[in-house]
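This report concerns only the one structure given below.
Letters A, B, ... are given to chains in the order of the sequence lines, protein chains preceding strands, and every chain is numbered from 1.
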Amino acid sequence: MRVLSLLKGKKVLWLLVAVVLVAILIYIVEEFELSPVSLLEGGLLAMTPLALTAVGECINEKAGVVNVGLEGILLISSVVGVFGAELFGNGFLGLLVGAGTGAFIGVVFGVISVYGKADQVVAGMGINIFALGFVQYLLMSIWGFPGVHLVQRNLLVRPIYTPIGQLSVVTIFAIIVAGLAHIFLYKTVLGFRIRATGESPQAVDVAGVRVDRVRILSSTLGGALCGLAGAFMPLAWFGVVVKEISAGRGFIALACVVFAGLEPLLALAAALIFGFSEGFSFAVAVTPGVKEIIPFYFVNMIPYITTLVIVTIAIGKKRFPKASGVPYRRE
Amino acid sequence: MKRFKIPEVPMRPFIQSGVGVLLGLFLGALLMVIFGYDPIIAYYWLFRGAFGSVSDIMETLAFATPLMLTAVTFAIGVKTGLFNIGAEGQMYLGAVGAAAAAGAITLPAGLHVAVATAFGMFLGALWAVPVALLKMWRGVHEVISTIMFNWIAFHLATYLIVYYLADPGRAERTVPALPSARYPTLMEGSTLTAVVFIVVAFCIGIYIYLWGTKAGYELRLVGVNPDAASYAGVSSRRVTLLSFVIGGLAAGLAGASQIIGRPPAWSLYATLGNVIALGFDGIGVALIGRNHPIGGIFAAVFYGGLRHGSRLMEYRAGVFSELVRAINGLIVVALAIPEIVAIIRRRFEK
């Protein structure tokens, strides 16, 4: 029923229209073979890290923990994930290491926000700045080469073949996670507590639930999903880790979250649109005839411009949790 | 101007910044230990490299110059209740503008410097305007929009360099600034130029503007209490636009200072390698300087010292210089915690 009530909003209508348009465009490009790379496959790959990150952020923002350090978590966990994969000699374990890294940063961020009563936006930005330097330091300290490291081919997480094309296991996982997150937030006791903690931590405290634990737990969950997204990029997508691998995806994911009003399923749909725009820019960049006319630099701007346009059009009256980003103090 | 007095300086912010910096350096030392470096040796060379001799101090000031400005961009945002992290992109545009004006046109010596500087500042401010408009009209949060504009600016700047500004002899960078558009260097063998005086004057100007004028008062009022401001008839939209534009001017000047005020390149690299991340570094600098234009000058000298000294640290102790940027991030996280001094004191008293 909750899904049905979601569908009432006008914005949801726009979202559906956008998703349908995306589907039609994919169909046209694939059917007439306009692009040498598959738009569907590229779009779904680009969607995956955005969806994981955005769904994770939905969970911790529901609990009142706003983490703008997603970009930093993506960066750090991508490098540590590759390191983990090399350490254990297995790409899947690398993904797990990435998720673990994200979870660790999530715990730290949760503790800082809950017990340190930190300004969460500043602390999150601190994580981003930290990552900017730390990732280069890591690349240099681990592999002794500045700024870039190729992942060994045997460590890559292979895509699986489905009727609609090659899909990464992580993509399927991301779609399932969005559904699970919805059920978790709206159908379970813990999910209810998370939402209540974001709305009214006083009431939750009076009811005998530990506000600090709920917030740190949800921050950890959000961090873990973001970390998985980070490790996904080099291990199942690019096959290489570079110092600017996240390329603003943490902030595009934040845009998805704002756009979706903290609903995991809407965040998934938003991630599909943003991911598609990125896949589209990849496809355009390699299409003969187009790449000669439009400089590749402008093609690179497509995801960012899309984000700006969609956020500008779709922003409206959304209800965010009352205690969002506010540290809880017992009186 | 008569009523303008320098206010008394309370000690508390200094203690907080100091604790944040020490905590950042301590955590940075932990990161060194994890990877098998000796932090004491590394920090010795870091600080010796930064402040060990007169020429090192000059070099530190050269590194600090752009950071004073990008710190102003962030700080004036905070003073208006905004989280403006767009200095990075505005700085790219400022650098492109200065490189274009300094390399492509010929003008008399004094005028050329002024025109190149002004054009850089203008482009920086121009790049901040759409962010402000999106915020004013549609309520788009500046954390998202500024980052998107930063990335668009990155690709736009690269495009402009490669297609229009590249040096025919050395395609990896723009045509170097003509001698008539260069700020004079202050000392033989140092990269510190007279642009530092312009920059410090700009920061002091912002300070006087914020605390000495009616417009500055309105700007701070919106930041402290938007309701009171609107009740007093202050247009928060106008203040938002003003805050972003001033921030853009500062960031544009920061970019320009690295082209026409920084030997030996006197040009912008196509990778943007000689300006990249100065905008983000400015956020940390602003926070260490307690979001105050004058505090930012001192914080910039500190962080400029870290950046300059990190090169000697890398050479002598083998610790990769980018660790300094990670330490800056750790300092920012530490400074985000308002009660950090109280927390540490409680731990020690137990």
Residue A/A247 versus chain B: region with a heavy atom under 4.5 Å: both
Residue part contacting chain A, namely of B/V162, when any heavy atom lies under 4.5 Å: side chain
Heavy-atom pairs under 4.5 Å with chain A, option from B/I85, B/I327, B/V319 with the top count: B/I85
Distance-only polar pair, side chains of B/S243 and B/T80, donor-acceptor under 3.5 Å: yes
Backbone N/O of B/A75 and side chain of B/N291: donor-acceptor pair under 3.5 Å: no
Largest heavy-atom contact set with chain A, pairs under 4.5 Å, which of B/W151, B/W137, B/F280: B/W151
Geometric class of the A/F130/A/F134 ring pair [parallel <30°, tilted 30-60°, perpendicular >60°]: parallel
Interface residue of largest heavy-atom contact number with chain A, from B/L335, B/L287, B/D281, B/L330, under 4.5 Å: B/L330
A/F104 CZ: over 12 foreign heavy atoms closer than 6.0 Å: no
Pair B/F83 + B/F74: ring centers closer than 6.0 Å: yes
Max heavy-atom pair count under 4.5 Å with chain B, selected residue of A/G124, A/G69, A/G133: A/G133
Interface residue of largest heavy-atom contact number with chain A, from B/V78, B/V332, B/T158, B/I144, under 4.5 Å: B/I144
Chain B contact via A/Y115 - side chain, backbone, both or neither, heavy atoms under 4.5 Å: backbone
Atom group of B/Y37 that falls short of 4.5 Å from chain A, counting heavy atoms: side chain
Largest heavy-atom contact set with chain B, pairs under 4.5 Å, which of A/S141, A/S113, A/A123: A/S141
Side chain A/Y137, main chain B/L31, donor-acceptor under 3.5 Å: yes
Most chain B-contacting option - heavy-atom pairs closer than 4.5 Å, from A/G72, A/P146, A/G116, A/P303: A/G116
Heavy-atom contact with chain B under 4.5 Å, split by part of A/T307: side chain
Pick from B/N150, B/I331, B/V143 with the largest number of heavy-atom pairs that fall under 4.5 Å of chain A: B/V143
Option in A/V108, A/V68, A/I112, A/V121 with maximal non-hydrogen atom pairs under 4.5 Å from chain B: A/V121
Between A/Y297, A/F109, A/F298, the one whose heavy-atom pairs under 4.5 Å with chain B are most numerous: A/Y297
Test applied, salt bridge (Lys or Arg N to Asp or Glu O under 4.0 Å); reference residue, A/R249; option that passes from A/E57, A/E244, A/E71, A/E278: A/E278
A/H149 and A/W143 aromatic ring geometry - parallel, tilted or perpendicular at 30°/60° bounds: parallel
Chain A contact via B/I152 - which portion, at a heavy-atom distance below 4.5 Å: both
Ring-ring centroid check B/Y303 B/F63, cutoff 6.0 Å: no
Test item: B/S321 side-chain N/O and B/R311 main-chain N/O as donor-acceptor pair under 3.5 Å: no
